[in-house]
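Here the structure comes first, spelled out in C-alpha cells, and everything after it is commentary.
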Amino acid sequence: MSSPSPIDTDQPSSTVTALLQARRDKLAKLQELGIDPWGSRFDSSQAVASVRKEGESIAQDADDGPTVRVAGRIMLLRNAGRLVFLDLVDRTGRLQVMIGKKQVGPDAWPVVGCLDLGDIIGVEGRLGYSNSGEMTIFASSLTFLTKSLETPPDKYHGLVDPELRQRMRYLDLIHGEGVRDRFVARSRIIEAIRRVLTDRGYLEVEGPTLQETAGGAAARPFTTHHNALDMPLVMRIALELHLKRLLVGGMERVFELGRVYRNEGISPRHNPEFTMMEAYEAYGDYASMMDLTEAVLVAAAEAAGTPETFTWMGHDVSLKPPFPRKRYDDLLAEVTGCDPEDPASVATEASKHDIETAGRHPDVIKSELFEETVEKTLSGPIFVIDYPAAVCPLTKRKSDAPDIAERFELYVAGMELANAYTELNDPDLQEELFRTQLAGLSDDESMARMDHDFIKSLRHGMPPAGGLGIGIDRLVMFLTQASSIRDVILFPIHRPHTSG
RNA sequence: GCCCCGUUAGCUCAAUUGGUUAGAGCAUCUGACUCUUAAUCAGAGGGUUCCAGGUUCGAGUCCUGGACGGGGUACCA
C-alpha cells in the first residue's frame, strides 16, 4: 500500500487502453445524446423470473402479449444490422430482448449503438416469442441505467482462474455457473436456522467480539489494542462463555449467529474468520441438543434444496433423520481394535500412528488417536457421543461415570460440523479445570483458559443446560456440496496483490 | 510453516527435444445484415510470456531466488 509496485505506475497495455477507450467513447456519446450514463430510479419493473412465468401462457405466434418492464445487465449482445438481440440478466434469471430500429424509434436507436456487454438497462415492451421460438421482450422503449467501463470476462467461459474469482467476487457472481445460487443457498440456510430457533423460543443475541480473554475454544486469537483504554484485546474465538453468562441472567434460550476469528492456518476447510452458530437451552442437555441439531440440519437442507442422499468428498451421506448415534469409545474400538478403557492399549495403538505418548494425558492421546483413525471413516451425518472428560473442560461429566463427558460432535464426510455439551455449571469444578493445564498441551492448545468473570457468573447459578455450536461455513459447504470453504465465503482472505 | 503444481493478450486457452517475427477463440475497432441466441460473414489492431538474476549462439520452455494462487500436509484436542 505504501510503496506503489512498478506495474502500478506503468501505463496499461495498449489492449487494455483500446478496450477501455471504446467504452469511454460510448460513455461520451451517451452524454452527447443527453443521457445520464449512471441512470436513476427505474420503477415498476418486474423480476425476470415472473416475466418468464407470464410468458409461458402466451402462444408462440401471438402478437398481443402483455407489456412488461424489466431491468438488468446485458450479458450477450447479437447485432443483426438494424436489429439487436440481447440477453438481459437480473437476480432471478435471464431473458432475451429484441430492439429494432423501427420499433424503438429514431430517438432511442442511437443509444443502442452505445450498448456494451455489462451495461445495465431497463426495457419496456411486448412479451412474446421470436421466430426461432425464444421468449423475447420486443422493446418499445429503452432506458439506459448504468455504463460498464471495464471489459467483462469471456462470455462463454466466464471467470475460471480461482484467484480472480475470489478477488473479484462481484464478477464471479455475475459470470460463474451456480455461484450466485450457492450464496443464495447460504442465505436461505441461515434464515432456516434462525426460524427453527426462534420458533422454539430462542432469543437471538450479540456478544462482544473484542474480549479480554478469548475463551470457549482451543485456538490462537488475533490480538489488538484499544487506544483510549490502553489495553490489549483479543478477537473472540468462540461465542460460548458470554452466551452462558446470559443463561445465568435468565435468558433461558439464547443463540448467536456470528463471526469468530482464529489466527491459524488456511485450508479448504479453514478460513481465519468464519461464522458460528451457538445455541444454549436452560434445563436441556446434550440429548436435547441432538434433537435440535437434527431439526436445524433438516430445515437447512430443505431451505438449500439439498437432496436427501448424495455423495460429497467421496462419502455417501444421507440426511434422513434420525442420524445414527455412536459412543466415542465404541467407534475407537471398532476402527482400531484397541481397548479404549485401557490407557496402555490406547497408547500402544497410538504409537503405531506416530502419535507422541510420553508425558501426555491418556485422554489427549486417545483424542489424537481418534482423530487420526476414526474421523475420516465417518461419512455421516453421525453423532459421536460421550467424549473422554479430560479434553472437555467446559462439559458436565456423566453422574455415574466421571471420566466421560456429556458431549457430542456431529461428523459429516470426516469433518466436524457441530459440537454440543451438557454444559458444566459447577463453578468450583469449572475453576479447577481452568487451573489444571492438561498434560502435553500448551496454553494455545487448551480450551481451559481462566476467565474469572465467567466463574463468578457461574457462582450466581447457571441452570443446567444444553449447548450447541455449528460451523455455518462447513454446513453450507456440505449442503451445497462445495469442496472448499472459499466457495461459500463471499470474500475469503487473500494476501494483498502486489505485482513485480 | 513444509511439499507438489501453476502463472502466456482484457477473458478462456495453444506454442514439438531450447530454434525464425509467441498463435487461436471470445472481447474491441471498421464494414454487411430486421428473428439472432456462445449469431454469422469480411477485414484490422492488441503481448514486460508474474518479477529479478543466471546458463546458452538462441529461453515462454532449462537453473537460482522472489511474488501470488491451487492442491496436499502441519496447526486447528
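Remember, it's a predicted structure, so these values are computed and weren't measured experimentally. Sequence lines set the chain letters: A, B, ... in the order given, protein chains first and strands last, and positions in each chain run from 1.
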Could I get the full list of side-chain contact (heavy atoms from CB on, under 4.5 Å) partners for A:Phe222, not counting sequence neighbours?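 Scan of A:Phe222 (side-chain contact (heavy atoms from CB on, under 4.5 Å), adjacent residues dropped) gives A:Met235, A:Tyr261, A:Asn263, A:Pro272.
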Quick one: the side chain of A:Glu163 and the base of B:U7, do they pair up donor-acceptor inside 3.5 Å?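 For A:Glu163, whose side chain was compared with the base of B:U7, there is no donor-acceptor pair (under 3.5 Å).
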With sequence neighbours excluded, give me every salt bridge (charged side-chain N to carboxylate O under 4.0 Å, His left out) pair touching residues 20-33 of chain A.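 Checked against salt bridge (charged side-chain N to carboxylate O under 4.0 Å, His left out) - neighbours excluded - the pairs reaching residues 20-33 of chain A are A:Lys26-A:Asp116.
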Please measure how far the [atom1] atom in [N] lies from the corresponding atom in [M], and state the result in whole Å.
| N | M | atom1 | value |
| --- | --- | --- | --- |
| B:G18 | B:A32 | C1' | 46 Å |
| B:C41 | B:G60 | C1' | 34 Å |
| B:C11 | B:C50 | P | 13 Å |

Looking at [N], which nucleotide sits across from it as a Watson-Crick or G-U wobble partner, both distances under 3.5 angstrom, or is there none?
| N | result |
| --- | --- |
| B:C75 | none |
| B:A52 | B:U64 |
| B:C57 | B:G19 |
| B:U8 | none |
| B:G45 | none |

[Y] and [X] side chains, donor-acceptor separation under 3.5 Å:
| X | Y | result |
| --- | --- | --- |
| A:Gln46 | A:Ser50 | yes |
| A:Gln96 | A:Thr136 | yes |
| A:Asp386 | A:Tyr286 | yes |

Contact under 4.0 Å: [X] side-chain N or O vs [N] OP1/OP2:
| X | N | value |
| --- | --- | --- |
| A:Arg78 | B:U36 | no |
| A:His494 | B:C68 | no |
| A:Arg495 | B:G69 | yes |
| A:Arg486 | B:G71 | yes |
| A:Arg167 | B:G69 | yes |

Return the value, rounded to whole Å, for the distance between atom [atom1] of [X] and atom [atom2] of [N].
| X | N | atom1 | atom2 | value |
| --- | --- | --- | --- | --- |
| A:Lys101 | B:C33 | NZ | P | 10 Å |
| A:Ile355 | B:C75 | CD1 | C1' | 15 Å |
| A:Ile485 | B:C76 | CD1 | C1' | 12 Å |
| A:Asp161 | B:C5 | CG | C1' | 14 Å |
| A:Phe85 | B:A38 | CZ | P | 13 Å |
| A:Met98 | B:C33 | CE | C1' | 14 Å |
| A:Arg24 | B:G10 | CZ | P | 17 Å |
| A:Asp172 | B:U12 | CG | C1' | 15 Å |

Summary of protein contacts for nucleotides 21-31 of chain B, nucleotide by nucleotide, where a base hit scores B, a sugar-phosphate-only hit scores S (4.0 Å, heavy atoms): ----BSBSS--
Pick the closest RNA chain B nucleotide for A:Leu83 and for A:Gln166 by heavy atoms, then say which residue is nearer the 5' end.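 Looking at RNA chain B, the more 5' nearest nucleotide goes with A:Leu83.
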Can the positive tip of A:Arg407 be found less than 6.0 Å from the middle of the six-membered ring of A:Tyr387, inside 45° of the ring normal?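 A:Arg407 over A:Tyr387 ring: yes.
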Whether A:Asp473 and A:Arg186 form a salt bridge (side-chain N of Lys/Arg under 4.0 Å from carboxylate O of Asp/Glu) is what I want to check.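 Salt bridge present between A:Arg186 and A:Asp473.
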Base, sugar-phosphate, or nothing: which does A:Asn79 touch, judged by heavy atoms less than 4.0 Å apart?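 Counting heavy atoms under 4.0 Å across all strands, the contact made by A:Asn79 includes a base.
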Output the distance between atom CG (A:Leu30) and atom CZ (A:Phe144), rounded to the nearest 0.5 Å.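 It is 5.0 Å, given to the nearest 0.5 Å.
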